[in-house]
Amino acid sequence: MPGSLRHSLVWAVTLCLSIASAVYIRPVVFPNGTVGVEVIETDDRIVTPGDATNSEGQEIDMEAFEFPLTKQDVEWLSSLLRLPETGELRIRKEYRVLTDEERRDFHQALNILKNDTSVSLNKYDLLANIHSRSSANKAAHAGPGFLGWHRVFLLMVENALRQACPNVTIPYWDVTLDQRMDKPYQSVIWSGDFLGTGHGPVFDGPFKHWETPFDFGHLERLVSAQGRLLSDADIKRIMSQKRLGEISYFSASSNTNLEALHNRVHVWVGGQMRKIEIGAFDPIFYLLHSFVDKIWEDFRLHQRTEGVDPQKDFPEFYGRAGHAPLAPMGLGSLGVLDGLSDVWGHGVQYRPRPTCKATTTNSICDSPYLKCNSKYFCVSISKTDTMVSISTSIQEKVESENMSNRITMNQENLSGGNNSSTSGTRIFNNSRIIDEHEPETVKDVNSGNTSQGTINITARDYHRYILQFNMYTDKFHSLSHPLPHNYQYPSLEIFDL
């Protein structure tokens with residue numbers, strides 16, 4: 001059969017089968033060179049990565065998520081669907097590479113949103129509920145629109161966080177730093193200074209008092225019980241591909257499907273994260289998706305080196321009707337294809353993943369919460385390492401103070417004075433001076449690392465825009481179609497109101 005005829009036949013079958021919303025198709029090339037179609041039947045509502053039941057095994061009531069939005073809800077959500085301001089640069093770092101102050105600000109911003117009840121539920125839960133609504137499941141999961149949808153959603157959440165704390169960005173959770181550990185469930189991120197409890201109800205850390213709306217109870221996790229973390233090999237296989245369809249449902253193989261691999265991490269975390277409808281109610285959701293977005297951004301850069309324009313690289317076979325290129329994204333008036341635009345990357349830059357650096361005496365990573373393993377890869381320290389470090393720091397501080405006492409007493413004895421009150425004052429003043437100057441030194445180092453000259457900013461000027469937010473926009477009826485020849489890809493000019 002001629003190639004063009006085979007292609008037409010597959011496309012015709014696509015048109016027929018796509019009408020049934022519960023039937024998905026995927027082209028299959030048989031060993032003899034002929035092309036067939038694999039039919040995949042499933043429920044219309046996508047329930048990956050986990051199941052659609054709560055902890056008691058009861059079916060999730062999807063209607064609860066579809067409550068009417070108030071005027072205040074719509075106005076606030078609309079204010080979040082915008083690009084960064086001209087000249088604004090947001091640098092997203094690995095979670096453990098944040099300074100302690102940056103990490104506390106991030107946690108504080110999340111809690112501010114969680115406690116702001118000026119909108120339905122609260123600001124944090126209202127945003128998380130977007131991921132729960134049926135409009136999100138149409139374009140956000142099980143298809144090539146997954147990456148673009150979540151990129152726009154991340155930007156909205158980051159805009160909300162910056163309303164609470166202006167300099168906050170969403171860090172990414174490089175799960176390979178934990179996957180390389182012998183016991184990743186012992187990672188420092190499951191300690192009180194980071195994400196809190198990893199096993200059972202979250203009883204410590206910045207989110208220890210969090211409740212999940214719609215009667216899903218206390219925030220909880222069950223890390224490492226099922227699923228798995230992404231590995232370096234997974235990312236290497238993804239980066240060996242060239243097309244979006246090769247890393248997305250429904251054309252990608254299981255070991256290069258970025259969405260499917262990310263699903264396993266959801267399951268690995270457990271608790272709310274295991275269930276797609278309520279996963280975003282755990283803050284770790286955004287750290288994971290920030291990492292997925294970073295992988296995609298690295299992939300897009302790789303595509304350009306291969307001569308592929310990632311803005312136009314939409315797969316012909318996209319599966320679900322909600323992932324058609326001109327289908328509504330469910331965020332404002334955006335279409336699925338709009339998620340591929342470079343516009344969403346303006347003003348946002350990812351720091352490289354932590355690497356092991358050799359020094360004259362030892363090997364170090366980019367953070368005190370990371371260390372080099374025997375293969376010279378960065379790995380997370382464990383909660384046990386943290387306790388040892390704290391204990392060592394306290395002991396070193398005590399020894400330092402004792403040494404200061406001895407030095408001060410010797411100096412006073414040499415000068416003929418022996419006033420304990422004066423000696424104590426001098427010690428306190430010296431300690432205070434060190435405490436006051438040390439943060440300034442760290443700040444200088446950080447500001448140098450984030451200077452524009454160091455990270456080679458190439459973002460061009462653009463204008464802030466706001467799109468009308470409508471959770472119920474669904475005017476798209478054609479289930480499968482070729483891309484119009486006159487389609488205008490999103491650009492800065494188009495969004496300039």
| query | Do any N or O atoms from the side chain of Asp234 and from the backbone of Ser231 form a donor-acceptor pair under 3.5 angstrom? | reply | yes
Give a yes or no on this: more than 12 heavy atoms of other residues, nucleotides or ligands lie within 6.0 Å of atom CD of Glu211. yes
Open item on the list: Is any side-chain heavy atom of Asp178 closer than 4.5 Å to one of Arg96?
Closed with: yes
- Query: Going through the checks in order, is the salt bridge (charged side-chain N to carboxylate O under 4.0 Å, His left out) test met by Glu220 and Arg274?
  - Reply: CA-CA 10 Å; Glu220 63 180 11; Arg274 180 180 170 83; over 6 Å; no
Please verify the inter-ring angle class for His150 with Phe153; under 30° counts as parallel, over 60° as perpendicular, anything in between as tilted. perpendicular
Measure up the Tyr350 and Tyr172 rings against each other and bin them: parallel (under 30°), tilted (30 to 60°), perpendicular (over 60°). perpendicular
query: Are His209 and His218 close enough that their ring centres sit under 6.0 Å apart?
result: no
Query raised in the report: Should the heavy atoms of other residues, nucleotides or ligands under 6.0 Å from NZ of Lys242 be counted, would the total exceed 12?
Result: no
All heavy atoms of Trp149 vs all of Ile130, minimum pair found to be CZ2-CG2, 4.0 Å
Practice problem: Apply the test ring pair (Phe, Tyr, Trp, His ring centres under 6.0 Å) to residues Phe207 and His107: give CA-CA distance (whole Å), side-chain angles for both, the deciding distance (0.1 Å), then the verdict. | Solution: CA-CA 8 Å; Phe207 317 115; His107 296 162; 5.6 Å; yes
Inset, instruction - Starting from the C-alpha separation in whole Å, work towards a yes-or-no answer on salt bridge (charged side-chain N to carboxylate O under 4.0 Å, His left out) for Arg304 and Glu306. - result: CA-CA 5 Å; Arg304 295 186 190 280; Glu306 297 289 337; over 6 Å; no
- Taking the six-membered ring where the residue is Trp, are the ring centres of Phe65 and Phe214 under 6.0 Å apart? yes
When every non-hydrogen atom of Asp313 is compared with those of Leu340, the smallest separation belongs to O-CD2, 3.7 Å
Determine, using ring centers only, whether Trp210 and Tyr124 are less than 6.0 Å apart. yes
One pair to check against salt bridge (charged side-chain N to carboxylate O under 4.0 Å, His left out): Arg353 and Asp232. What are the steps and the verdict? CA-CA 11 Å; Arg353 294 165 60 196; Asp232 293 299; 3.2 Å; yes
Aromatic contact, His131 with His141 (centres under 6.0 Å) = yes
Notebook entry, point to check: Does NZ or CZ of Arg300 fall inside the cone over Trp296's six-membered ring, less than 6.0 Å from its centre and within 45° of the axis?
Noted result: yes
From the list Asp174, Ile284, Leu195, Ile170, side-chain contact (heavy atoms from CB on, under 4.5 Å) with Tyr95 holds only for Leu195
Answer yes or no: is the gap between the SG atoms of Cys365 and Cys356 smaller than 2.5 Å? no
Taking the six-membered ring for Trp, are Phe194 and Trp190 ring centroids under 6.0 Å apart? no
